[in-house]
Amino acid sequence: MLREFKRPQRLMGNAFEITVVSDDEKIANSHINAAIEEIRRIEKLLTTFNDESQTNLINKNSGIQPVKVDWEIFELIERSLRISKITDGYFDISYGGIDKSFWNFDHNMEQLPDPQSIKEHLKLVNYQNILLDRENQTVFLKEKGMRIGFGGIGKGYAAEMAKHLLQNHGVVSGIVNASGDLTTWGNQANGKSWTVGIADPDNSKQPFSYMNITDMAVATSGNYEKYVVINGKKYSHTINPKTGMPVSGVKSVTVFCPNAEIADAMATPISIMGIDAALHMVNQINHLDCIIIDDQDKIYSSQNINLK
């Protein structure tokens, strides 16, 4: 008899939950263990909290020399640069120089960072200065002080890799939920599609709509989870890499796409680039859809979405 086995686990600084459908608890648990190990492996590669990680080695050598990296990192950066091109630079992994130093989004933050120093740091944010050399398998950040970070794509990448690992292990149905960025395949134990709730930005416990999905990833970017209020104005934790300032005007964005890495990466630029430009871009990309809720609670959706 098929059942769903779920396990919550803190990984990559986020609450993950892994679900597999199986008729055997012991086998299900061994699959979940393998998925958790895979996510931990990816975290070690991508983290900037460990001096020895490849990401940190790239950052330490910015403006100095190219760094040879594993193919996995090389190709993830390559895909990130492609997304930067498609989104006109609104997705940019070289934002690493801005966010941590100016915006910590904890409750001690009482004033906006100094615009002049943000401007200085912005000079270091430019995906075109991330130079890849396929032949030598190296990454070089052209400007001294440049930093890359995978905060905008890492969770989705980890979810996608864990899904592939589970599928290769013969798991025919499941969900990897990386703190709201989730990827699904197969069906529930009862044979029905998976149902996901679209979070209501004003009440994240209460979805405003549900969608039935399978073989689909969903990513959400919203200002309702991490934000600060300064002088009565709410600033979201999503930073516009072109201004160094947090995004305002959009409460939440939900992205649907067969691949969790792309869904995760697209959620940020869609929430930054302005609603018309975002919908125009999404409508031109196959197998990509989104729902945007603005500050006035108005709901916009791309052309293939029918909200129930």
Side-chain angles (χ1 to χ4, degrees), residues 5-22 26-61 66-83 91 93-94 96 100 130 132 134 136-139 141 147-186 215 217-219 257-265 267-268:
F5 298 91
K6 292 182 189 193
R7 192 187 310 165
Q9 181 82 35
R10 195 141 183 91
L11 296 157
M12 302 177 87
N14 285 282
F16 273 66
E17 186 177 63
I18 295 163
T19 304
V20 300
V21 173
S22 176
K26 205 171 158 194
I27 291 172
N29 277 322
S30 78
H31 288 320
I32 292 173
N33 290 339
I36 288 170
E37 282 317 305
E38 173 68 347
I39 295 163
R40 287 195 175 125
R41 181 190 72 74
I42 290 163
E43 180 174 16
K44 280 199 188 94
L45 273 182
L46 304 187
T47 182
T48 49
F49 294 113
N50 169 2
D51 282 351
E52 298 312 303
S53 80
Q54 294 195 10
T55 311
N56 261 348
L57 289 175
I58 295 168
N59 290 342
K60 273 188 200 148
N61 286 285
V67 175
K68 187 163 176 145
V69 293
D70 293 358
W71 275 121
E72 187 171 0
I73 290 254
F74 186 93
E75 287 175 342
L76 179 61
I77 294 173
E78 205 170 47
R79 293 195 299 275
S80 298
L81 297 184
R82 277 208 292 275
I83 292 168
F91 174 83
I93 59 170
S94 70
K100 294 288 181 283
I130 302 170
L132 297 180
R134 202 161 235 290
N136 295 308
Q137 210 175 315
T138 59
V139 182
L141 307 183
R147 292 172 56 79
I148 58 168
F150 294 102
I153 196 169
K155 279 192 317 188
Y157 174 61
E160 195 63 25
M161 291 295 280
K163 174 186 92 172
H164 285 306
L165 177 121
L166 289 168
Q167 287 177 318
N168 290 339
H169 283 197
V171 177
V172 292
S173 301
I175 300 181
V176 180
N177 184 345
S179 189
D181 293 348
L182 57 90
T183 183
T184 67
W185 70 103
D215 302 316
V218 182
C257 168
N259 179 297
E261 177 190 311
I262 293 172
D264 186 10
T268 305

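Screening R41, E37, E38, H31 against L165 for a side-chain contact (heavy atoms from CB on, under 4.5 Å) leaves a single residue, E38.
The heavy-atom pair separating N61 from L57 by the smallest distance is ND2-O, 2.8 Å. When all heavy atoms of I18 and A35 are compared, the pair lying nearest together is CD1-CB, 3.9 Å. When every heavy atom of T55 is checked against every heavy atom of L46, the shortest pair comes out as OG1-O, 3.2 Å. Taking all atoms of both residues into account, the shortest heavy-atom contact from N59 to R147 is OD1-CA, 3.3 Å. Considering all non-hydrogen atoms of both residues, A158 and I42 come closest at CA-CD1, 3.9 Å. Shown here for W185 and V172, the closest heavy-atom pair between the two residues is CD1-O, 3.2 Å.
Going from atom CG of D70 over to atom CD of Q137 covers 7.5 Å, rounded to the nearest 0.5 Å. Distance check, rounded to the nearest 0.5 Å: OG of S179 to CG of L11 gives 11.0 Å. Between the CG atom of L166 and the OG atom of S22 there is a distance of 11.0 Å, given to the nearest 0.5 Å. Atom CD1 of residue I77 and atom CD1 of residue I148 lie 4.0 Å apart, to the nearest 0.5 angstrom. Distance check, rounded to the nearest 0.5 Å: CG of D264 to OH of Y157 gives 13.0 Å. With values rounded to the nearest 0.5 angstrom, I32 atom CD1 is found 9.0 Å from E17 atom CD.
V67 has its side chain out of reach of K60: every pair of non-hydrogen atoms, C-beta onward, lies at least 4.5 Å apart. Contact annotation: the side chain of W71 approaches that of R134 to within less than 4.5 Å [non-hydrogen atoms, C-beta and beyond]. Between I36 and R7 there is a side-chain heavy-atom pair separated by less than 4.5 Å. L76 places none of its side-chain heavy atoms less than 4.5 Å from the side chain of L45.
In this structure, R10 contributes its side chain and G13 its backbone to a donor-acceptor pair below 3.5 Å. One N or O on the side chain of N259 and one on the backbone of E261 form a donor-acceptor pair closer than 3.5 Å. The backbone N or O of F16 lies less than 3.5 Å from no partner atom in the side chain of N14, so there is not a single donor-acceptor pair. Panel note: side chain N177, backbone L182; no donor-acceptor pair is recorded below 3.5 Å. Looking only at distances, no side-chain donor or acceptor of T268 sits under 3.5 Å from a matching main-chain atom of A265.
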CA sep, side-chain torsions, deciding dist, call: L141, I130, side-chain contact (heavy atoms from CB on, under 4.5 Å)
CA-CA 5 Å; L141 307 183; I130 302 170; 3.9 Å; yes
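With respect to E43 and R40, no salt bridge is recorded, no charged nitrogen being found less than 4.0 Å from a carboxylate O.
Pairs engaging residues 152-177 under the salt bridge (Lys or Arg N to Asp or Glu O under 4.0 Å) rule: K155-D181, E160-K163 [sequence neighbours left out].
Residue K44 places its NZ atom among 12 or fewer non-hydrogen atoms of other residues, nucleotides or ligands, all under 6.0 Å distant.
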